[in-house]
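Start at 1 and go down the list; that is how both ligands and their atoms are numbered.
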Amino acid sequence: MAKVILLNGSPKADGCTATALHEMIKTFHEDGVETELIHVGNKAVRGCISCGYCGKNGKCVFNDDLVNEVAAKFEKADGLVVGSPVYYGSPNGTILSFMDRLFYSTSFSKQMKVGAAVVSCRRGGNTASFDVLNKYFTISSMPVASSTYWNQVHGFSAEDVKKDLEGLQTMRNLARNMSFMMKALADAKEKYGLPSLEREAFISFPDGK
Ligand SMILES: Cc1cc2nc3c(=O)[nH]c(=O)nc-3n(C[C@H](O)[C@H](O)[C@H](O)COP(=O)(O)O)c2cc1C
């Protein structure tokens, strides 16, 4: 059975982001996909300190929060959904610190795991935040699931989001598309194996040095 991890970046366990993610979870279950919702936004998650420990040891130097624990789950999962409220036009600080460390500290292949970003704002900044979160996937050979609108809901409270019928429809369609992609990719991996990737070139300067 396909499994998807959902991260709630909001400090609120039952706020707008959670409402959007729960709408996806209901649909995932209807589609026979296993889910695990992990609350990240209520933890004190510090940022990456670029210490290089993970390059040598395969995990983050900080063992005091969720990053290493979620990394082990992410390695086994078929998909990852990251949900965030919009703070000043961007994803919130906690989820950004978490995602920087999760993606930078893990060396396992994320190729063909399916990613999806979900954002919630009261008024503005959803699409800019959506773009930021999708960048973790698109540098990691992860196909990105999409829906019938950009993956966003609007509201200041969970009650507002429950009235955002198009937003909730977008979440259901996103989960349906993501379920299909995870199942189809599992079949394709069996049939074709994963595409091989080149890694030799790593250029920081135009002269190649
Ligand atoms: C520090 C802070 C900054 C915010 N900045 C924005 C913003 O730039 N645009 C916006 O529309 N809403 C903004 N909001 C409102 C939240 O994004 C919005 O209410 C969101 O749906 C809350 O989701 P949650 O209940 O999952 O935390 C901000 C809220 C906070 C606490």
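In terms of the salt bridge (charged side-chain N to carboxylate O under 4.0 Å, His left out) criterion, residue partners of K162 (sequence neighbours excluded) are, by chain and number, E159. For F74, the ring-ring contact (aromatic ring centres under 6.0 Å, His included) partners are F103, F108, not counting sequence neighbours. Shown here are the side-chain hydrogen bond (donor to acceptor under 3.5 Å, both in side chains) partners of Q169, two or more places apart in sequence or in another chain: there are none.
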Original post:
Given S120 and H154, is the side-chain hydrogen bond (donor to acceptor under 3.5 Å, both in side chains) satisfied, shown in steps?
Top reply: CA-CA 6 Å; S120 175; H154 283 267; over 6 Å; no

**OP:** Quick one: do S109 and K113 satisfy side-chain hydrogen bond (donor to acceptor under 3.5 Å, both in side chains)? Show the steps, please.
**Re:** CA-CA 9 Å; S109 171; K113 291 181 188 291; over 6 Å; no

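Contact check for F98 versus V70: side-chain heavy atoms found under the 4.5 Å cut-off.
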Which atom pairs, nitrogen or oxygen on both sides, join ligand 1 and the protein at under 3.5 angstrom?
unit_1	atom_1	unit_2	atom_2	d
ligand 1	5 (N)	V86	O	3.3
ligand 1	5 (N)	Y88	N	2.9
ligand 1	8 (O)	Y88	N	3.1
ligand 1	8 (O)	G89	N	3.0
ligand 1	9 (N)	G124	O	2.7
ligand 1	11 (O)	R122	N	3.1
ligand 1	11 (O)	R123	N	2.6
ligand 1	11 (O)	G124	N	2.8
ligand 1	11 (O)	G124	O	3.2
ligand 1	12 (N)	R122	N	3.4
ligand 1	14 (N)	V86	O	3.3
ligand 1	17 (O)	V86	N	3.4
ligand 1	17 (O)	V86	O	2.6
ligand 1	19 (O)	G155	O	3.1
ligand 1	21 (O)	S120	OG	2.7
ligand 1	21 (O)	G155	O	2.7
ligand 1	25 (O)	C16	N	2.8
ligand 1	26 (O)	S10	OG	3.2
ligand 1	26 (O)	C16	N	3.3
ligand 1	26 (O)	T17	N	2.8
ligand 1	26 (O)	T17	OG1	2.7
ligand 1	27 (O)	S10	OG	2.6

